[in-house]
Amino acid sequence: MASSECQTRFGQSVKGLLSDKVGSCSGDAMALTRQVLRGSRSQELLGQAARNMVIQEDAILHSEDSLRKMSIITTHLQYQQEAIQKNVEHSKNLQDQLRHLLK
């Protein structure tokens, strides 16, 4: 009977250890699942960040092109302003000459 009692204790001990091991493995599996889900979310966020960067890059290139065009327009407006100022001065000289002739 002692051997039967030892076998029962041994069986219960093995069952307890096995139960603990199964519990530990299921906990590890749940932790692994959470980590995989976090990694998946991280990949999704990285993809979204990459798409946003492409959109921003296009906006920056468009802005750069607009600034270049505005710089060209500014230069042309400066030339026109200089020409107008010269014409105004020339006009004043002509007015002075006309006044002088009409006296």
Side-chain angles (χ1 to χ4, degrees):
M1 288 221 180
S3 96
S4 146
E5 190 177 310
C6 284
Q7 285 179 343
T8 303
R9 283 186 189 166
F10 180 73
Q12 288 174 350
S13 175
V14 169
K15 285 181 185 177
L17 289 173
L18 187 58
S19 176
D20 290 344
K21 199 64 163 165
V22 167
S24 173
C25 285
S26 66
D28 290 346
M30 288 172 32
L32 178 63
T33 302
R34 280 193 298 272
Q35 190 63 31
V36 167
L37 289 174
R38 278 190 206 126
S40 175
R41 180 74 177 136
S42 294
Q43 282 299 105
E44 182 180 323
L45 290 174
L46 283 174
Q48 186 177 9
R51 285 189 297 276
N52 289 342
M53 281 184 63
V54 168
I55 291 170
Q56 289 301 319
E57 185 177 10
D58 286 343
I60 289 169
L61 291 174
H62 180 71
S63 296
E64 184 181 21
D65 188 48
S66 294
L67 285 172
R68 190 175 17 260
K69 288 177 183 176
M70 286 195 293
S71 174
I72 292 169
I73 290 170
T74 301
T75 302
H76 286 295
L77 287 173
Q78 287 172 342
Y79 290 146
Q80 289 176 0
Q81 179 189 12
E82 289 172 8
I84 289 170
Q85 284 176 338
K86 286 179 185 177
N87 286 335
V88 166
E89 287 178 23
H90 187 66
S91 160
K92 286 180 183 178
N93 289 339
L94 287 175
Q95 286 177 355
D96 288 343
Q97 288 175 3
L98 278 174
R99 270 193 222 114
H100 197 64
L101 286 175
L102 294 175
K103 284 186 180 179

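The analysis underlying the following values was restricted to heavy atoms, covering all of them including side chains, and did not include hydrogens, waters or symmetry mates. Fair warning: this is a prediction, and the values are worked out from it, not measured in the lab.
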If you look only at distance, which donor and acceptor atoms sit under 3.5 Å apart when one is on a side chain in residues 60-86 and the other is two or more places apart or in another chain?
| unit_1 | atom_1 | unit_2 | atom_2 | d |
| --- | --- | --- | --- | --- |
| Ser63 | OG | Ala59 | O | 3.0 |
| Asp65 | OD2 | Lys69 | NZ | 3.4 |
| Ser66 | OG | His62 | O | 3.1 |
| Thr74 | OG1 | Met70 | O | 2.8 |
| Thr75 | OG1 | Ser71 | O | 3.0 |

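Residue pairs meeting the side chain to side chain donor-acceptor pair (under 3.5 Å) criterion with at least one member in residues 42-57, sequence neighbours excluded, are Arg41-Glu44.
Considering only heavy atoms from C-beta on, Met30 stays 4.5 Å or farther from Thr33 through its side chain.
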